[in-house]
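Read through the structure below, which is laid out as structure tokens, and then see the notes.
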2 protein chains.
Amino acid sequence: MRDGANWSDARRRRASMREVAELANVAISSVSRVLSGHPDVSSDMRERVLEAVAQLEYEPDFLAQSLRRGATLSVGWVIGDISNPLMAAITSGAESVLRGAGYSMLLMNSENDPDLDAAHIRFFQTRRVDGMILSLASERRPSTLEVLSHVDVPIVVVDREVPEHLHASVVRNDHRPGIRAAVEHLVDLGHRRIALITGALDLWPVRERIAGMHEALAGRGITDETITLTGSLSAEHGEAATEEILRMDPRPTAIIAGGNQVLAGCVRALTRHGVSIPGDMSFVTCDEVALSELHTPPIASVGRDTVALGRIAAELLLKRLTGVSEPEMVILPTTFTARASCAPPAAGSR
Amino acid sequence: MRDGANWSDARRRRASMREVAELANVAISSVSRVLSGHPDVSSDMRERVLEAVAQLEYEPDFLAQSLRRGATLSVGWVIGDISNPLMAAITSGAESVLRGAGYSMLLMNSENDPDLDAAHIRFFQTRRVDGMILSLASERRPSTLEVLSHVDVPIVVVDREVPEHLHASVVRNDHRPGIRAAVEHLVDLGHRRIALITGALDLWPVRERIAGMHEALAGRGITDETITLTGSLSAEHGEAATEEILRMDPRPTAIIAGGNQVLAGCVRALTRHGVSIPGDMSFVTCDEVALSELHTPPIASVGRDTVALGRIAAELLLKRLTGVSEPEMVILPTTFTARASCAPPAAGSR
DNA sequence: GATCGTGTCGGTACCGTTTCCAGTTTCGAT
DNA sequence: ATCGAAACTGGAAACGGTACCGACACGATC
């Protein structure tokens, strides 16, 4: 004499496979066979079991399945800073692919701290994820590499360079052509002193962007005027480096911000000092964000498809999760978009 | 005669508690007691077990523990769009708190699709998360509410309003005072026709912002000039609505963008039509982003601490995960920051 | 009529823990 | 010396499934 409402109440204990078996009057193993689509099942059996399943609102326990099968259908995602729109876009791309394949994504923020990278990787390892996607805060931190070498599940590295022996799949952007195009554009406009504000050398994109700038300058026969301000990919460094540039004599006539956080710091400093873009300073940024297109004037930028970056990272991982044992590498392009933030340098500063 | 390298090779099978027990020559249950800090353990026993643990590099299997204990130490996080910086900031705040408490965060993007909301919640339920934090795409979709009523773990809802009977904890912003201050500021500058571009009415912030605007206008004795363009909180709607506003006659003299995506659309449309801010149109946006501060001119905005929003959501969930059975509600403030994007309307349009 | 394959099904040994229960020892108190 | 409680330990039953193995019935085959 139980009423319908209580019978389907959320708080009641969930049914187990054993109860289904008892209700259907069959063996537990038969229930398992029916539910997992095993061929050795008569239609009569299938019907009885499915009816019991429906009546008890049974659903299999994911934990028990995972323990028995040795797979959790989950992947760990270590990211430098989720609140960075770039990283968020990568995450978004990866998440949708993983979700489509039935995997779920465990997210951990490393706050761009290399030590947390290592800690998170270890954590995921004990959490028994089936694979990991990593956007490391530093490629060279020994503790991270040490931990990585003990990981026994497939790894995909996003826009980073890691030692071969880790057997990680990799998806990267080819940052050089984009930067090269940007620098050539500036040089063609008449700029000679171009400053690149960027992060530390333990990140692949940073090294490649610097290399791309050198390539472009060398290609145009300019060898001694490269100005590179490395630091961190943060607004603070962008702001401080811009201040430093503004104090230089002779002053650079163009700035390339090596990331969207750096961009914010640069714009803040330039605005504060009343430096007009592009009148007093030409300006290029790396990685397209809302600000670059909507700024007045719009800011020329070296862009890339970040959602694709995440999507492909997830696809590479899925490949290895479904049997492919050899790691792969995918390189995605970057493209330069000229905008009104670049103009010939003021006559006096040439 | 195995060499050291292979012995510590990552690919070897991980040791189980049984192997530890055999090596230490004790019962499995004793190993468990030592590792879980049970008081009934002799120091001799502890020593033997710990040595075996070290020698085998044993670490407990999280899956088996979860199955046995009935807790997974993981929480599900359903979010409308992770690539929205606002949502990303909330996520960041929540993640760091959860991480600090030993929980991991399962992230699923609903792509602002209410049907995916429901699907994800169900998915998390079968995944056996210990709790969920939800930023629903729609508060009113029956399928979502139906699924929610069957959830048997604690729920926290972020900046949304859900029926009492779901027993969800809630953290929300009080959007009215912020918008009210913004509108009053505009009115005091001389504006009478103020347009609010916002999303659909099935979201708490949308309703509250509209209400806040009405309150402010009524407070100033303006009753018949409220212009509200509801749609979605997207750049497309922001752009289309702005176009519509520009065609109105008499034309509104101020626009309030009801979100950061809307903001992007608005700015794009205004720029394309050569509408100058604040000369031709005063402008306010909701939710601070890089663009609002760094735009020329800087854009006045109704801001809030989004990281705190996420942090408190996580804290509310942790409370309920550690025994507190009654749901709670926390309200966080919003504040208006006046900036150069607001000025008195042009003489002709008063 | 014995043999054999095939389609079904039940029994049971796991997966790796936790925890309860019962048994043994130790030890201070009477 | 004896008793009882407390400290310690091992065995085994869970947790909720999966999958292998063997049993059985049945028809087909020679």
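Here is how names work: the chains are called A, B, and so on, in the same order as the sequence lines, proteins then strands, and each is numbered from 1. We use all heavy atoms of the structure for the numbers below, so side chains are in, but hydrogens, waters and symmetry mates are not.
Taking only side-chain nitrogens and oxygens, R18(B) never comes nearer than 4.0 Å to OP1 or OP2 of dG16(C). Contact annotation: S30(B) side-chain N/O to dT9(D) OP1/OP2 distance is not under 4.0 Å. Residue S29(B) places none of its side-chain N or O atoms closer than 4.0 Å to OP1 or OP2 of dT9(D). For S42(B), a side-chain nitrogen or oxygen approaches OP1 or OP2 of dT9(D) to under 4.0 Å. In this structure, Q65(A) does not reach the dG16(D) phosphate: none of its side-chain N or O atoms is under 4.0 Å from OP1 or OP2. Using a 4.0 Å cut-off, no side-chain N or O of S32(A) falls inside it from OP1 or OP2 of dG17(D).
One atom, CG of D44(B), and another, C1' of dC8(D), lie 11 Å apart when rounded to the nearest Å. Atom CG of N25(A) and atom P of dG11(C) are 11 Å apart (whole Å). Between M45(B) atom CE and dT24(C) atom P there is a gap of 17 Å when expressed in whole angstrom units. In this structure, R128(B) atom CZ and dG17(D) atom C1' are separated by 12 Å, rounded to whole Å. Atom pair M17(B):CE and dT19(C):P shows a separation of 11 Å (rounding to whole Å applied). For R69(A) and dC20(D), the CZ to P distance is 13 Å, given to the nearest whole Å. Across the protein-nucleic acid pair, H38(A) atom NE2 and dG10(C) atom P stand 13 Å apart, rounded to whole Å. For the pair F62(A) CZ and dC15(D) C1', the interatomic distance rounds to 17 Å; values are reported in whole Å.
Nucleic acid contact for E59(A): sugar-phosphate only, since backbone atoms but no base atoms lie under 4.0 Å from a heavy atom of the residue. When heavy atoms are screened at a 4.0 angstrom cut-off, V26(A) is found touching the sugar-phosphate backbone but no base atom. Across all strands shown, D61(B) has heavy atoms under 4.0 Å from sugar-phosphate atoms exclusively, and none from any base.
Position along DNA chain C of the nearest nucleotide to L67(A) versus D40(A) favours D40(A) as the more 5'-ward residue. Positionally, the nearest nucleotide of DNA chain D for R33(B) lies more toward the 5' end than for the other of R33(B) and A64(B).
Of the listed residues (M108(B), H120(B), M87(B), E111(B)), just one forms a side chain to side chain contact (heavy atoms under 4.5 Å, CB included) with I79(B), and that residue is M87(B).
A salt bridge is absent between D202(A) and R141(A): the closest approach of a Lys/Arg side-chain nitrogen to an acidic carboxylate oxygen does not fall below 4.0 angstrom.
The 12-atom threshold is exceeded at CD of E22(B), counting heavy atoms of other residues, nucleotides or ligands nearer than 6.0 Å. Atom CZ of R122(B) sits in a sparse spot, with 12 or fewer heavy atoms from other residues, nucleotides or ligands closer than 6.0 Å.
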Step-by-step salt bridge (charged side-chain N to carboxylate O under 4.0 Å, His left out) determination, R33(A) to D40(A): CA-CA 8 Å; R33(A) 268 191 296 267; D40(A) 287 356; over 6 Å; no
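Remark: the R68(B) side chain and the dT18(C) base include a donor-acceptor N/O pair separated by less than 3.5 Å.
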